[in-house]
Student: 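Next up is a structure, given as structure tokens.
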Amino acid sequence: MERSYADPGAPDCRSAARYLWWLITSQRRRIAGGALLGSAWMVCLTLPPYLLSRAIDDGLEPGEWPVLVGWVAALAGVGALNAWLAVMRHRTMTRVRMDAAFRSVQVVVRQATRLGGALPRRVTAGEVVTIGFGDVAVIAATLTITGPGVGAVLAYIVVAVLLLTVSPLLAVVVLLGVPLLAVLVGPLLGRLQGAEATYRELQGGLASRFEDMVGGLRVLNGVGGKDVFAERYRRGSRALRAEGYRVGSVTSWVQALGVGLPTLFLGVVTWLAARMAAQGDISVGELVAVYGYAAVLVVPVSFFIEGGYDLSRGLVAARRVIRFLALEPDSADKEAASDGPGPPSTLRDPASGVEVAPGRLTALVSARPAESAAVVDRLGRFVGSAATWGAIRLDEIDLTQVRRRILVADNEADLFAGPLRDVICGWGRDEVAIGRAVYAAMAQDIVRGLPDGLDSLIEARGRNLSGGQRQRVRLVRALLADPEVLLAVEPTSAVDAHTEAAVSARLRTARAGRTTLVTSTSPLLLDQADVVYYLVDGSVAAVGSHRELLDGQHGYRRLVSRDADDEDHGPTGDAGPVPSPREAVR
């Protein structure tokens, strides 16, 4: 299990059945051990009826008490052995299930990482959650049939052989009856696969809609769209419920037949044996043995039916997993061979004409925030482009190196739940560096205002923080990462003028000598920049310092002056939650 967690291996995604087979072959020894224990357990279940029949015929009926005691002792010993085998079988199959679950989660997470920025465009967050939790759990449960499934076949054969020693007629009934039970349940399993597939699709879509509603609840409240989206969710929920009833209906029949048919089969075999005992064809002990064999046979027959049910559901889940694993990243996200240029090197975006010089603070200004964000996306290699770094195209550089050396920090970056220290630090724990980053982002008041300071718990997405606090926490995290190149989208859009002025000055100091690009229309931040690029229709219209552009560019002066006039600042350091440029264009 430890090895599978570290390196799950390469899954076979050619079909759902091949994926399940890959999970089996990835833990051959454990599967073989489970099959051996399951087979021994099921075969040993057939021994008590035989021992009981011998105790009756050889000990109880003739009154041979020492013989009876011997057979009873053997019966008790077999019972103890069966209990131990059952415990070991269950323990082994639990490990099989956990290995399959960990291995599947690893390949799903690895694929999500591989897709990178293409993930939100290819599959919804709700779908990923449904696959990563629901489908993986179903697949893991499916693998547990490998142990008792093999044992069920062997137990079926052993019971048939034992019945041959009692009565060929009873053996024929058993040999023909068990396949008949499988034939009766088979069509229901086919229906179940179709119903399960539809249910899983609806479940993933509804989970995605719920995630979107929670994420945009404030916006929906603001534009009066909460009730509209809530009604859509209710309709989707009703459709999912109806499909769930359909799945439940088929499942109930499968499970009912799984219990009822073996019991009916037991009744038929027992009735035949009782008639034969009444006619003197078999002894009383053999009658008891036949009943015991038939009762034991209920276990493997039930496993046959339940195993088919689990396999049917597992194939549906595996089909969804391999469909996700088959997705390919955008061309901009595919791996390349180069490790990138040596520092210092200039980032260039030919589409806009923007150049980010090494070691300097560069600013982008545009009347349309989406245009500035598009430049950042190209320079951060989140979309395909002809952007270069030094003399090398960004799409020719290994993506891991790009992500390690170039950090894009924007207002969409997730804040995960946990202590504030973990939220901002990642793996690092340098208290001095933390203090400097908190100071640079003007986040001291956030730390002081929380009950346990840096050890205070932050809710998922920072829901217990205000918009301005979340923005400053994101900035702290970006500064602590200390990337070679920092591309910050609107880093001060949600704070008041006093906080913004302090953050702007401290950001310049904290990133002195490091390559930094910010997008903003705030004169307080632009005044700190070494060079400002003024964009019109996505292209550079003018370049210079903030004051030079104020003097020489009427459109620039109107844009940044309006930004200053329109600022609405509160007394607590927040200007209210402001959507990022990416949010603005959605």
Student: Between Arg97 and Leu143, is any pair of side-chain heavy atoms under 4.5 Å apart?
Tutor: no
Student: Looking at CG of Leu394 and CD of Gln401, how far apart are the two atoms once the value is rounded to the nearest 0.5 Å?
Tutor: 12.5 Å
Student: So, using side-chain hydrogen bond (donor to acceptor under 3.5 Å, both in side chains) as the criterion, who are the partners of Gln111 when residues are at least two apart?
Tutor: Arg114
Student: Ignoring hydrogens, what is the shortest heavy-atom contact between Val105 and Val136? Give both atom names and the distance.
Tutor: CG2-CG1, 3.8 Å
Student: For Glu484, enumerate each residue passing the side-chain hydrogen bond (donor to acceptor under 3.5 Å, both in side chains) test, keeping only those at least two apart in sequence or located in another chain.
Tutor: Arg405
Student: Kindly say whether Val96 contributes a backbone atom to a donor-acceptor pair with the side chain of Gln27 at under 3.5 angstrom?
Tutor: yes
Student: Output all residues satisfying side chain to side chain contact (heavy atoms under 4.5 Å, CB included) with Val69, sequence neighbours left out; order by chain, then residue number.
Tutor: none
Student: At what distance, to the nearest 0.5 angstrom, does CG of Leu81 lie from SG of Cys44?
Tutor: 4.5 Å
Student: Mark yes or no for whether Arg477, through its side chain, and Cys425, through its backbone, hold a donor-acceptor pair below 3.5 Å.
Tutor: no
Student: Evaluate the side-chain proximity of Leu36 to Trp41: yes if any heavy-atom separation is below 4.5 Å, no if none is.
Tutor: no
Student: Output the distance between atom CG (Leu68) and atom CD1 (Ile56), rounded to the nearest 0.5 Å.
Tutor: 9.5 Å
Student: Say whether, by atom type as modelled, one donor and one acceptor occur between the side chain of Ser104 and the main chain of Ala101 under 3.5 angstrom.
Tutor: no
Student: With sequence neighbours excluded, tell me which residues meet side-chain hydrogen bond (donor to acceptor under 3.5 Å, both in side chains) with Arg14.
Tutor: Asp12
Student: Is the shortest heavy-atom distance from the side chain of Ile406 to the side chain of Trp389 under 4.5 Å?
Tutor: yes
Student: Locate the shortest heavy-atom distance separating Ile139 from Tyr19; write the atom from each residue and the value.
Tutor: CD1-CE2, 4.1 Å
Student: Sequence neighbours left out, what passes salt bridge (charged side-chain N to carboxylate O under 4.0 Å, His left out) with Arg18? Give chain and number order.
Tutor: none
Student: Could you tell me which residues satisfy ring pair (Phe, Tyr, Trp, His ring centres under 6.0 Å) with Trp71, sequence neighbours excluded, listed by chain and number?
Tutor: none
Student: Nearest 0.5 Å, what's the CG-CZ distance between Asp398 and Arg403?
Tutor: 10.5 Å
Student: Which atom pair, heavy atoms only, marks the closest approach of Leu23 to Arg103?
Tutor: CD2-CD, 3.9 Å
Student: Answer whether the closest heavy-atom distance between the side chains of Trp22 and Ile322 falls below 4.5 Å.
Tutor: no
Student: How far apart are the C-alpha atoms of Val473 and Leu415, what are their side-chain angles, what is the distance that settles it, and do they pass the side chain to side chain contact (heavy atoms under 4.5 Å, CB included) test?
Tutor: CA-CA 9 Å; Val473 167; Leu415 296 177; 4.0 Å; yes
Student: Search all heavy atoms of Thr92 against all heavy atoms of Gly33 and return the closest pair with its distance.
Tutor: CG2-C, 4.3 Å
Student: Please check this pair: side chain of Trp84 against backbone of Gly79, looking for a donor-acceptor N/O pair closer than 3.5 Å.
Tutor: no
Student: Taking only residues two or more places apart in sequence or in another chain, which ones pass salt bridge (charged side-chain N to carboxylate O under 4.0 Å, His left out) with Asp452?
Tutor: none
Student: Side chain to side chain contact (heavy atoms under 4.5 Å, CB included) for Arg30 and Asp99? Distances and angles first, verdict last.
Tutor: CA-CA 10 Å; Arg30 189 177 290 121; Asp99 184 286; 3.2 Å; yes
Student: How about Glu431 and Arg421: do any of their side-chain heavy atoms sit closer than 4.5 Å?
Tutor: yes
Student: Flag the pair Val321 / Cys13 as yes when at least one side-chain heavy-atom distance between them is below 4.5 Å, and no otherwise.
Tutor: no
Student: Quick one: does any side-chain atom of Ser385 pair with a main-chain N or O of Arg381 as donor and acceptor, under 3.5 Å?
Tutor: no
Student: Determine the minimum heavy-atom distance between Leu325 and Pro11, stating which atoms define it.
Tutor: CD1-CG, 4.0 Å
Student: Which value, rounded to the nearest 0.5 Å, describes the distance between Ile31 atom CD1 and Thr25 atom OG1?
Tutor: 9.5 Å
Student: Once side-chain hydrogen bond (donor to acceptor under 3.5 Å, both in side chains) is applied, do any residues pair with Asn464, and if so which ones, sequence neighbours excluded?
Tutor: none
Student: Quick one: side chain to side chain contact (heavy atoms under 4.5 Å, CB included) partners of Leu457, sequence neighbours excluded?
Tutor: Pro419
Student: Atom CD1 of Ile434 and atom CG of Leu454: how far apart are they, to the nearest 0.5 Å?
Tutor: 6.0 Å
Student: Which heavy atom in Ile397 sits nearest to a heavy atom in Arg393, and how many Å separate them?
Tutor: CG1-O, 3.5 Å
Student: Please enumerate all residues that pass side chain to side chain contact (heavy atoms under 4.5 Å, CB included) together with Arg238, with sequence neighbours excluded.
Tutor: Glu231, Arg234, Arg235, Arg241
Student: Under the 3.5 angstrom rule, does the side chain of Asp410 hit a backbone N or O of Ala413 as a donor-acceptor pair?
Tutor: yes
Student: Tell me, please, which residues at least two apart from Arg91 pass side chain to side chain contact (heavy atoms under 4.5 Å, CB included).
Tutor: Val87, Met88, Arg95
